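In what follows, a structure is listed as structure tokens, so that the remarks can point back to it.
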Amino acid sequence: MQSNHDSGLLVDEYRKSWVLRYLREARADLEVAEETPYVEPDPLVEALKKTQLALQYLLGEPLIINRIVQVAALSEEEIKDPALQLLVEVKEALNRALNVEEKARESMIEYAEGILNLVSEVAALFLKRES
């Protein structure tokens, strides 16, 4: 049995399945957020949580990635790593979505959709590279 490193895989099948599942679910949640007045749990928040999880699974183990992001978000240093910058941006968007006012909801949904599209593109690049 080869390890991921030996076989050249960036993302193993287990993590790949979670990435694809969370991206699908995030897209579905955003559609609900666009079409439905506010409900609990908020589909906008759920979409961003799933986008965040998809990105975390893409890059490694979510618990470890989450700790790295927390440290980076609290640091006052400029983040130079693009993957880490994207992770911090998703975290910040999620925090904003938790407190979004109704009048800003539509623009927050559009912003979340942009983030989801970007994470989907990154995932496609990672997953395509190993095929």
Side-chain angles (χ1 to χ4, degrees):
M1 183 174 187
Q2 290 184 318
S3 72
N4 286 346
H5 181 70
D6 294 339
S7 65
L9 292 178
L10 297 172
V11 180
D12 62 29
E13 285 300 314
Y14 173 79
R15 288 189 6 236
K16 179 180 177 178
S17 67
W18 280 109
V19 169
L20 296 174
R21 175 184 175 175
Y22 281 128
L23 290 174
R24 268 191 320 273
E25 290 182 9
R27 194 150 313 280
D29 286 340
L30 270 182
E31 287 176 17
V32 171
E34 290 172 341
E35 299 168 359
T36 311
Y38 182 80
V39 294
E40 281 291 333
D42 185 354
L44 171 59
V45 171
E46 293 302 307
L48 284 165
K49 284 180 183 178
K50 290 171 184 172
T51 301
Q52 181 180 48
L53 281 166
L55 186 56
Q56 290 172 340
Y57 270 106
L58 186 66
L59 298 173
E61 176 58 41
L63 288 174
I64 294 169
I65 300 291
N66 194 42
R67 294 204 199 258
I68 293 168
V69 171
Q70 286 176 341
V71 170
L74 293 174
S75 172
E76 293 186 16
E77 293 181 32
E78 180 184 350
I79 299 171
K80 295 182 177 144
D81 181 79
L84 185 55
Q85 178 61 43
L86 181 55
L87 284 159
V88 169
E89 189 170 334
V90 173
K91 178 181 175 35
E92 290 171 352
L94 180 55
N95 289 338
R96 283 196 305 274
L98 287 168
N99 300 307
V100 71
E101 294 179 20
E102 191 58 39
K103 63 184 177 187
R105 185 169 175 78
E106 189 174 321
S107 63
M108 189 66 212
I109 289 171
E110 289 175 17
Y111 184 67
E113 192 169 349
I115 288 175
L116 175 57
N117 290 337
L118 181 57
V119 170
S120 295
E121 289 175 22
V122 169
L125 288 172
F126 268 72
L127 300 177
K128 182 179 181 183
R129 206 183 294 172
E130 58 185 63
S131 298

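All figures in this text were calculated on a predicted structure; none of them were measured in a lab.
- Taking 4.5 Å as the limit, every side-chain heavy atom of Leu30 sits out of range of all side-chain heavy atoms of Thr51.
- Among all heavy-atom pairs drawn from Ala123 and Leu58, the shortest one is CA-CD2, 3.5 Å.
- Considering only residues two or more places apart in sequence or on other chains, Ser107 meets the side chain to side chain contact (heavy atoms under 4.5 Å, CB included) condition with Ala104.
- Tyr14 and Tyr57 have perpendicular rings, their planes meeting at more than 60° on a 0 to 90° scale where under 30° would count as parallel.
- Put simply, NZ on Lys128 and CD on Glu121 are 12.0 Å apart, with the number rounded to the nearest 0.5 Å.
- Atom CG of Asn66 sits about 7.0 Å away from atom CG of Leu63, to the nearest 0.5 Å.
- Using a 4.5 Å heavy-atom threshold, the side chains of Leu59 and Leu87 count as touching.
- Within the model, atoms CG of Leu94 and CG of Asn99 stand 10.0 Å from one another, a figure rounded to the nearest 0.5 Å.
- Among the candidates Leu55, Val119, Leu53, the single residue satisfying the side-chain contact (heavy atoms from CB on, under 4.5 Å) test with Tyr22 is Leu53.
- Not counting sequence neighbours, Val71 has no partner by the side chain to side chain contact (heavy atoms under 4.5 Å, CB included) test.
- Every residue was checked against the side chain to side chain contact (heavy atoms under 4.5 Å, CB included) condition with Ala28, not counting sequence neighbours, and none meets it.
- Atoms CD1 and CE, from Ile115 and Met108 in turn, are 6.0 Å apart once rounded to the nearest 0.5 Å.
- Within the structure, the salt bridge (Lys or Arg N to Asp or Glu O under 4.0 Å) test picks out the following pairs touching residues 29-53 (sequence neighbours left out): Glu25-Lys50, Asp29-Lys50, Asp42-Arg105, Glu46-Lys49.
- Applying the side chain to side chain donor-acceptor pair (under 3.5 Å) test to every pair with at least one member in residues 70-93, sequence neighbours left out, gives these pairs: Glu89-Tyr111.
- Taking CG of Leu44 as the reference point, atom CD of Glu106 lies at 12.0 Å (rounded to 0.5 Å).
- Distance check, rounded to the nearest 0.5 Å: CD1 of Ile109 to CG of Leu116 gives 12.5 Å.
- Taking a 6.0 Å sphere around CZ of Arg67, one finds it holds 12 or fewer heavy atoms contributed by other residues, nucleotides or ligands.
- Cluster membership check: Val32 does not share its hydrophobic cluster with Val100, using side-chain heavy-atom separations under 4.5 Å among Ile, Leu, Val, Met, Phe, Trp and Tyr.
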